[in-house]
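Shown next, in structure tokens, is the structure this report addresses.
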Amino acid sequence: MGIGDAYAQTVQTIRNIEAALKQAGGTLSDVIRTRIFVTNIAEWEKVGRAHGEFFGTIRPATAMLQISSLISPEMLVEIEADAVIQT
């Protein structure tokens, strides 16, 4: 999904994070830090807009880094998320 579309890939990646958090008993509100890896930093506004749609009110610490490539050439974005889930 989202081949060639950094915005769509960011949205899907965050939805994947949200699903994993749900399985662990958490939500996106539990995210305290994200690290966004992009293959083209010129796409930062699209990626940032998608990130903000999910995390705008949560405001985790965030870094965006350009890397040379991801495991598949179609992948433009990868996101790591650290969360603290209170039990």
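Numbers for residues simply follow the sequence, beginning at 1.
When side chains are defined from C-beta on, T39 does not count as touching M75, because their heavy atoms never get closer than 4.5 Å. Side-chain atoms of I36 and I79, non-hydrogen and from C-beta on, do get closer than 4.5 Å to each other. The side-chain heavy atoms of K46 and T10, taken from C-beta on, include no pair separated by under 4.5 Å. Between E45 and R49 there is no side-chain heavy-atom pair separated by less than 4.5 Å. No side-chain heavy atom of L76 sits less than 4.5 Å from a side-chain heavy atom of N40.
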Note to self: Let's go through Q12 and N16 carefully: what are the C-alpha distance in whole Å and the side-chain angles of both, what is the deciding distance for side chain to side chain donor-acceptor pair (under 3.5 Å) to 0.1 Å, and is it a yes or a no?
What the structure shows: CA-CA 6 Å; Q12 185 58 54; N16 294 349; 2.8 Å; yes

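Rounded to the nearest 0.5 Å, atoms CD (E80) and OG1 (T13) are 12.0 Å apart. Note that CG of L28 and CZ of R15 are 11.0 Å apart. Values are rounded to the nearest 0.5 Å.
In terms of hydrophobic clustering, with Ile, Leu, Val, Met, Phe, Trp and Tyr side chains grouped at heavy-atom distances under 4.5 Å, V47 and L70 are assigned to different clusters.
Sorted by first and then second residue, the ring pair (Phe, Tyr, Trp, His ring centres under 6.0 Å) pairs involving residues 27-59 (not counting sequence neighbours) are H51-F55.
Here the shortest heavy-atom pairing between V31 and P60 reads O-CB, 3.7 Å. Nearest heavy-atom pair across E74 and Q9 is O-NE2, 2.9 Å.
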